[in-house]
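One structure below.
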Amino acid sequence: MRLLLLSSAPGILQEWRAAVARAAPGIEVHGPDEEVPAAAFDAALVFAPPRGRLRRYPNLKIIFSLGAGVEQLIADPEFPDVPLVRLMSAAKQRLMNQWVLYAVLRFHRGFDRFEELQRAGRWEWQGSGPGAAERCVSVLGLGDLGRASAELLRDQGFQVRGWSRSPRSIDGVHCLHGPAGLQQLLPDTDILVCLLPLTAATRGLLNAELFARLPRGAAVVNAGRGQQLVLEDLRAALDSGHLRGAMLDVTDPEPLPPGHPLWQHPHLVITPHMASYMPHESAIPSLLDNYQRVLEGRELLHLVDRARGY
Ligand code: NDP
């Protein structure tokens, strides 16, 4: 394989080269500015390439997305007619699991309230709240990341519901799908976790109408994409006390501009889009497996369906 790496992240070419040299020494990795003819590349690993850029490489058999969200790649009308796949690894799932578990426990065990009490100089415990078995956590998106998080929360003893576009089945998780499934799930949800991809159908999904269908005192957690949540609606729901709190890894815009009122909101935690990422070395088995599959004409894993939008 001769792999083209298209990403403007500083140092990424050297890092990938070193990771590939350790794990799969037969593979060559080059940046676009090196003296390798465009026709010599048969695979590409890309993050936000300029529009139409991939058209310059006529012999690509497969394109790997470095980012988990592929909305920008899909939006390129000149994207070549080459399979686009996302890279996935257990390490990436584990990172998201950790972030989601932290967010859920923050509300479940009341760490948000203890922070407030501490700021007020109060040492106080009003007894244990509901146990995990009485707490309903709903996970929107049951893909590679959502499914892993739903299973982890189930194993922690929570009542877990999951929501997807098409019907899914996960042991011990009550799975719902489609718009009717979402309406059914909201009224009983104590903590809502969004791990959806950004598509036309999920843009703006977390809005005033949806928040109003959650019970008073529910919490909202978003690590999908910022454009899925309407910040002004979230602010109103937090200010009115309808929502107890929120934790966001993604916002729109990202980052929020300096002075944005949500920076200081007492019931909101914002992390800088760090919930999960792909440690380079962990991605190599997924990359090699899919390359082999494309050579043999077998089904690809994590293949992006451009019509579906993810
Ligand atoms: P997948 O593509 O594996 O899964 C997407 C899931 O969302 C599927 O279950 C799919 O349903 C569901 N879905 C898509 N559209 C709808 C819809 N309209 N209604 C209901 N369900 C829908 O994605 P991943 O799990 O790998 O990643 C999810 C997202 O997480 C990424 O797209 C990215 O935006 C975000 N992310 C964020 C990171 C961070 O650090 N904050 C890091 C990595 C990813 P179905 O099962 O029927 O196909």
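Ligands are counted one by one from 1 in listed order, and the atoms in each one are counted from 1 as well.
For His302, no heavy-atom contact with ligand 1 is shorter than 4.0 Å. In Arg86, the part holding a heavy atom less than 4.0 Å from any atom of ligand 1 is the side chain. Contact annotation: for Met88 versus ligand 1, heavy atoms closer than 4.0 Å belong to the side chain alone. The backbone of Leu195, and not its side chain, has at least one atom closer than 4.0 Å to an atom of ligand 1 (non-hydrogen atoms only; backbone = N, CA, C, O). Proximity of Ser166 to ligand 1, defined as any heavy-atom pair under 4.0 Å, is shared by backbone and side chain alike.
Comment: Arg161 engages Asp188 in a salt bridge, judged by a side-chain N to carboxylate O separation of less than 4.0 angstrom. A salt bridge links Arg17 with Glu34: the closest approach of a Lys/Arg side-chain nitrogen to an acidic carboxylate oxygen falls below 4.0 angstrom. Using a 4.0 Å cut-off between a side-chain N of Lys or Arg and a carboxylate O of Asp or Glu, Glu209 and Arg213 do not qualify as a salt bridge. Between Arg235 and Glu232 there is a salt bridge, since a side-chain N of the basic residue sits under 4.0 Å from a carboxylate O of the acidic one. The pair Arg51-Glu78 does not meet the salt-bridge criterion, since no charged nitrogen lies less than 4.0 angstrom from a carboxylate oxygen.
Here the rule is side-chain contact (heavy atoms from CB on, under 4.5 Å) with Gln228, and of Leu198, Asp252, Leu140 only Leu198 fits it.
Ligand 1 has an N or O atom lying under 3.5 Å from an N or O atom of Asp144, backbone or side chain. Taking distance alone, with nitrogen or oxygen atoms compared against 3.5 Å, Thr199 stays at or beyond that limit from ligand 1. For ligand 1, the polar-atom distance check finds an N/O of Gly143 within less than 3.5 Å of one of the ligand's N/O atoms. Remark: ligand 1 and Thr202 share no N or O pair separated by less than 3.5 Å (distance only, no angle test). Remark: ligand 1 and Ala223 share an N or O pair separated by less than 3.5 Å (distance only, no angle test). Of the N or O atoms in Gly69, none lie within a sub-3.5 Å distance of an N or O in ligand 1. Between Leu142 and ligand 1, at least one N/O pair is under 3.5 Å apart.
Arg113 forms no cation-pi arrangement with Phe111, by the criterion of a distance under 6.0 Å to the ring centre and an angle within 45° of the ring axis.
The nearest non-hydrogen atom to atom 44 (C) of ligand 1, considering only Ala200, Ala68, Cys194, comes from Ala68. For atom 40 (O) of ligand 1, the nearest non-hydrogen atom from the set Ser276, Cys175, Gly309, Gly224 belongs to Ser276.
At least one heavy atom of Met96 sits closer than 4.0 Å to an atom of ligand 1.
Side chain of Thr189 to backbone of Ile191: no donor-acceptor contact under 3.5 angstrom is found.
Put simply, the side chain of Glu281 does not reach to within 4.5 Å of the side chain of Ser89, judged on heavy atoms.
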